[in-house]
Amino acid sequence: MKTLSENRCFGGVQGVYQHASDATHCDMTFGLFLPEEAQDGPVPVLWYLSGLTCTHENAMTKAGAQQWAAEQGIALVFPDTSPRGDDVADDEAYDLGKGAGFYLNATQDPWAKHYSMWDYVADELPALLDDTFAVDLDRQSITGHSMGGHGALTMAMSLPGRYRSVSAFSPICNPTGGDWGRKQFTAYLGPDEASWAAHDATRLMTEKGFHGPMLIDTGTADNFLDHLRPEALAEAAAKRRQPIQFRMQPGYDHSYFFVSTFIEDHVAFHAEALYQ
C-alpha cells in the first residue's frame, strides 16, 4: 500500500492511500480520516460512498465531514466509485463505466473483469483497514450520496449485523424502476431482472428492511428526483413499518452544498448508534 498524502485535519489525519486490489484487478485509491483518538486505540468507522462521476476525493474535500467526525471520535472512509486504469472498460456516458460502478459485482463482459465494487467495499477494503489502521470494525455505520446512497442502503440491508446505522443523501431509491438503474443493471448484470433485485433499496426494504436506525435526506429542488424515486422507498418503508427518518428538505438540490448542510446531522446520528 502506498501513502499518497497525509494532512493534519481537526486534530487527526486525513490520508489518501493506494493499493493493488484483488477484487477489481487494478490499483484502487481511498481516503481515510482518522481522528486524534485513533492514536490511543481503534475507533468506530463511518463509510461514505460517493455518487456518479465522483472519486474518493469529492466527499473528502467538499462534504466537511471531518470536523464533525473529529468531534465524535469517528474514522471516515472514502472509497472510490469504480475501478480505474487504462485497461478498465469504460463508456462515453457519465452514468456507466468509470465513476459509475453502482456498488455491485458485474457479471457481463466487458465489465466483469474489473467491476466488483461490492466485493471491494464489503470485503477487501475493510480487511485492509483492519490490518493497517486503528479502526474498530465491530462498530461501523454507512452513508452515501446519490449512487452512493443506493450503495449504502443496499449494503446495509443485505449484510445484517454489519452496520449499526445507515443514512443517505439523495439516494437512488428504486433503480430497477428508473433510468439510473435499468440501463446500468442491464449492462453490468444482464437482462435477467431477477438478478437486479439485490441492488434495489425499495425491493430490499419490502423483503428485508434494516435492523437499526435509518436517516434519509433528499432536497425538494433536486433536479434528479425522477431518477431517485424517493417516494417508492418511502412507501415501502411505511408498509413495512420500518423505523426511519425520511426528510424532504425544502429548496435543496443534489449538490454538495446540500450534503455539507446536513452532514453534521448525519455524523451525529451515526455516532449515537456507534457508541451505544
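Note that the structure is a prediction, hence the values are computed from the model and not measured.
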Any donor-acceptor pair under 3.5 Å linking the side chain of [X] with the backbone of [Y]?
{"X": "Ser195", "Y": "Asp192", "value": "yes"}
{"X": "Arg164", "Y": "Arg139", "value": "no"}
{"X": "Arg203", "Y": "Thr206", "value": "no"}
{"X": "Thr202", "Y": "Cys173", "value": "yes"}
{"X": "Trp196", "Y": "Gly190", "value": "yes"}
{"X": "Asn58", "Y": "Thr55", "value": "yes"}
{"X": "Gln184", "Y": "Asp95", "value": "yes"}
{"X": "Ser21", "Y": "Ala23", "value": "yes"}
{"X": "His270", "Y": "Gln140", "value": "no"}
{"X": "Tyr48", "Y": "Met60", "value": "no"}

With clusters defined by side-chain heavy atoms of hydrophobic residues (ILVMFWY) lying less than 4.5 Å apart, directly or transitively, does [Y] cluster with [X]?
{"X": "Met155", "Y": "Leu153", "result": "yes"}
{"X": "Phe33", "Y": "Val16", "result": "yes"}
{"X": "Tyr163", "Y": "Phe169", "result": "no"}

Shortest non-hydrogen separation from [X] to [Y] and the atoms involved:
{"X": "Ala156", "Y": "Ile142", "result": "CB-CG2, 4.2 Å"}
{"X": "Gly151", "Y": "Leu49", "result": "C-CD1, 3.7 Å"}
{"X": "Ser146", "Y": "Gly51", "result": "CB-CA, 4.4 Å"}
{"X": "Val45", "Y": "Ile74", "result": "C-CG2, 4.3 Å"}
{"X": "Thr218", "Y": "Pro171", "result": "OG1-CD, 3.8 Å"}

Spatial distance of atom [atom1] ([X]) from atom [atom2] ([Y]) [nearest 0.5 Å]:
{"X": "Arg162", "Y": "Ser141", "atom1": "CZ", "atom2": "OG", "result": "12.0 Å"}
{"X": "Trp111", "Y": "Asn105", "atom1": "CH2", "atom2": "CG", "result": "15.0 Å"}
{"X": "Lys208", "Y": "Met205", "atom1": "NZ", "atom2": "CE", "result": "12.5 Å"}
{"X": "Leu233", "Y": "Met214", "atom1": "CG", "atom2": "CE", "result": "6.5 Å"}
{"X": "Phe246", "Y": "Leu215", "atom1": "CZ", "atom2": "CG", "result": "10.5 Å"}
{"X": "Leu46", "Y": "Leu274", "atom1": "CG", "atom2": "CG", "result": "7.0 Å"}

Please check if any side-chain donor atom of [X] sits under 3.5 Å from a side-chain acceptor atom of [Y], or the reverse.
{"X": "Gln14", "Y": "Gln66", "result": "yes"}
{"X": "His114", "Y": "Thr24", "result": "no"}
{"X": "Asn223", "Y": "Asp253", "result": "no"}
{"X": "Glu193", "Y": "Thr176", "result": "no"}
{"X": "His145", "Y": "Ser50", "result": "no"}
{"X": "Asp80", "Y": "His56", "result": "no"}
{"X": "Asp217", "Y": "His266", "result": "yes"}
{"X": "Glu6", "Y": "Tyr17", "result": "yes"}

Open item on the list: The test is salt bridge (charged side-chain N to carboxylate O under 4.0 Å, His left out); show your working for Arg182 and Asp200 and say whether it passes.
Closed with: CA-CA 10 Å; Arg182 296 192 63 84; Asp200 187 302; over 6 Å; no
Open item on the list: Counting C-beta onward and ignoring hydrogens, is there a side-chain heavy-atom pair between Val43 and Pro35 closer than 4.5 Å?
Closed with: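 When only atoms from C-beta onward are counted, Pro35 and Val43 do touch, with a gap below 4.5 Å.
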Task: Non-neighbouring partners of Glu264 that pass side chain to side chain contact (heavy atoms under 4.5 Å, CB included), sequence neighbours left out - done: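 Per chain and number, Glu264 pairs via side chain to side chain contact (heavy atoms under 4.5 Å, CB included) with Trp68.
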- [ ] Under the side chain to side chain contact (heavy atoms under 4.5 Å, CB included) rule, collect the residues that match up with Ser82, sequence neighbours excluded.
- [x]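 Testing Ser82 for side chain to side chain contact (heavy atoms under 4.5 Å, CB included), a comparison that skips the adjacent residues, returns Arg84, Lys98, Tyr115.
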- [ ] For residues Phe102 and His199, establish whether the separation of their ring centroids is below 6.0 Å.
- [x]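 No, the ring centres sit 6.0 Å or more apart.
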Open item on the list: Walk me through whether Tyr103 and Trp118 qualify under ring-ring contact (aromatic ring centres under 6.0 Å, His included).
Closed with: CA-CA 5 Å; Tyr103 303 100; Trp118 181 282; 9.1 Å; no
- [ ] Under 4.5 Å between side-chain heavy atoms, chaining through other members, with only Ile, Leu, Val, Met, Phe, Trp and Tyr counted: pull out the rest of the cluster around Val13, sorted by chain and number.
- [x]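 Reading the cluster by chain and number, Val13 sits alone, since nothing else belongs.
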